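All remarks here apply to the structure that follows.
Just so it is clear, the model here is predicted, and its values are computed rather than measured. Chain naming here is simple, since letters A, B, ... match the order of the sequence lines and numbering starts at 1 in each.
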2 protein chains.
Amino acid sequence: MELKEAISIVIKQERKKNGMSQEELAHLCNMDRTYISLLERKKRNPTLDVIFRMSNSFQMKPSTFVKMLEDIMHL
Amino acid sequence: MELKEAISIVIKQERKKNGMSQEELAHLCNMDRTYISLLERKKRNPTLDVIFRMSNSFQMKPSTFVKMLEDIMHL
DNA sequence: TTGTGACTAGAAGTCCGTG
DNA sequence: GCACGGACTTCTAGTCACA
């Protein structure tokens, strides 16, 4: 399982859990709407900075976000 | 405290804890020595992928690495 | 052993739009 | 509400010679 795939899964999952559209999430993260789409379609390898902003929007710690990635990747 | 600063601190700290030079760490990470130097001098915002590779070289989980960043940044 | 400038290639990330 | 694309700018990845 690739990192990009795990990221895609976690973003979609958390975004929907919070009942947000891509656009709403983008706004919260101070990002472009199409960039969220790119991440969910596994087209980008985000910087750590992006992970921190996304985690914040999901009201979780970045390490929790990363832990979810590890679980999905079986690390 | 900026993310780049926290990254710099953790890398230096863990590298020295393991008694490694930048060159030795670079070799373990499959990276160039000067790139490690760039990170330690806060000249790059690394991708998550880079964080995963570095954590692996320190024999720690990426989430542990990120947790250290949070602690330093008081998050 | 590390800092640094210079560099290229390509990726990150934005902004416009369409179906 | 989202996938997808083109065009674009900014920045990272990665390397080298040299101080």
Side-chain angles (χ1 to χ4, degrees), chain A residues 1-60 62-63 65-66 68-70 72-73 75, chain B residues 1-63 65-66 68-70 72-73:
Chain A
M1 159 87 68
E2 241 187 292
L3 181 55
K4 275 192 276 202
E5 272 191 74
I7 291 172
S8 166
I9 291 170
V10 171
I11 293 179
K12 274 189 224 169
Q13 176 186 296
E14 293 305 307
R15 180 169 67 78
K16 295 191 173 171
K17 184 188 289 180
N18 288 274
M20 287 188 269
S21 66
Q22 289 181 349
E23 188 143 11
E24 287 168 331
L25 175 58
H27 187 253
L28 272 178
C29 296
N30 247 338
M31 287 177 197
D32 198 83
R33 145 187 86 74
T34 61
Y35 183 59
I36 305 288
S37 174
L38 285 168
L39 290 176
E40 292 194 359
R41 285 180 290 130
K42 311 159 201 163
K43 302 291 188 186
R44 288 292 189 276
N45 275 305
T47 53
L48 186 57
D49 172 67
V50 165
I51 300 299
F52 268 62
R53 281 189 275 160
M54 299 255 326
S55 305
N56 192 52
S57 297
F58 291 142
Q59 300 185 346
M60 60 168 61
S63 58
F65 189 103
V66 173
M68 290 174 124
L69 297 177
E70 289 167 3
I72 290 174
M73 298 168 80
L75 287 185
Chain B
M1 159 87 70
E2 241 187 293
L3 181 55
K4 274 191 276 203
E5 271 190 76
I7 291 172
S8 166
I9 291 170
V10 170
I11 293 178
K12 274 188 222 170
Q13 175 185 296
E14 292 306 307
R15 179 169 68 78
K16 295 190 173 172
K17 184 187 289 178
N18 289 276
M20 288 188 270
S21 65
Q22 289 181 352
E23 187 143 13
E24 287 167 329
L25 175 56
H27 187 252
L28 270 178
C29 297
N30 247 339
M31 290 177 192
D32 198 84
R33 170 189 75 76
T34 60
Y35 182 61
I36 306 286
S37 176
L38 286 168
L39 291 176
E40 290 193 0
R41 285 180 293 128
K42 311 157 200 163
K43 300 294 187 184
R44 287 288 191 281
N45 275 306
T47 54
L48 185 57
D49 172 66
V50 166
I51 300 299
F52 268 62
R53 280 189 276 159
M54 298 259 324
S55 305
N56 192 51
S57 297
F58 290 140
Q59 301 186 343
M60 59 169 61
K61 288 189 174 184
S63 58
F65 189 103
V66 173
M68 291 174 122
L69 298 176
E70 289 167 3
I72 291 174
M73 298 169 79

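The minimum heavy-atom distance between A:Ala26 and A:Ile36, with the atom names listed, is CB-CG1, 3.8 Å. The two residues B:Phe58 and B:Ile11 come nearest to each other via the heavy atoms CZ-O, 3.8 Å. Nearest approach of A:Ser55 to A:Pro62, heavy atoms of both residues: OG-CA, 3.4 Å. Taking each heavy atom of B:Asn45 and A:Thr47 in turn, the nearest pair found is O-CG2, 3.6 Å. The minimum heavy-atom distance between A:Ser63 and B:Glu70, with the atom names listed, is N-OE2, 2.6 Å. Heavy-atom minimum distance, B:Pro46 versus B:Ile51: CG-CD1, 4.0 Å.
In this structure, B:Leu25 places its CG atom 16 Å from C1' of C:dG3, rounding to the nearest Å. As rounded to whole Å, 13 Å separates atom C1' of C:dG13 from atom CD1 of A:Ile11.
Listed by chain and residue number, B:Glu40 satisfy the salt bridge (charged side-chain N to carboxylate O under 4.0 Å, His left out) test with B:Arg15 (two or more places apart in sequence, or in another chain). With sequence neighbours left out, the salt bridge (charged side-chain N to carboxylate O under 4.0 Å, His left out) criterion links B:Arg53 to B:Asp49.
Within residues 31-56 of chain B, the residues that have a heavy atom under 4.0 Å from DNA chain C are, in order of number, B:Arg33, B:Thr34, B:Ser37, B:Arg41. Annotation: proximity of residues 14-24 of chain A to DNA chain D (heavy atom, distance under 4.0 Å) is found for A:Arg15, A:Ser21, A:Gln22, numbered in ascending order.
The environment of B:Lys61 atom NZ is sparse: at most 12 non-hydrogen atoms of other residues, nucleotides or ligands sit within 6.0 angstrom. Other residues, nucleotides and ligands contribute at most 12 non-hydrogen atoms within 6.0 Å of the CD atom of B:Glu23.
Taking 4.5 Å as the limit, every side-chain heavy atom of A:Ile7 sits out of range of all side-chain heavy atoms of A:Met54.
Bending across the helix from C:dT2-D:dA19 to C:dG19-D:dC2, expressed as the angle between its end axes from five pairs apiece, amounts to 40° (10° rounding).
Nucleotides of DNA chain D with any atom under 4.0 Å from a heavy atom of chain B span, from 5' to 3', D:dT12 to D:dA17.
A donor-acceptor distance shorter than 3.5 angstrom exists from the side chain of A:Asn18 to the backbone of A:Glu14, with no hydrogens or angles considered. In this structure a side-chain-to-backbone donor-acceptor pair under 3.5 Å is present from B:Ser21 to B:Glu24.
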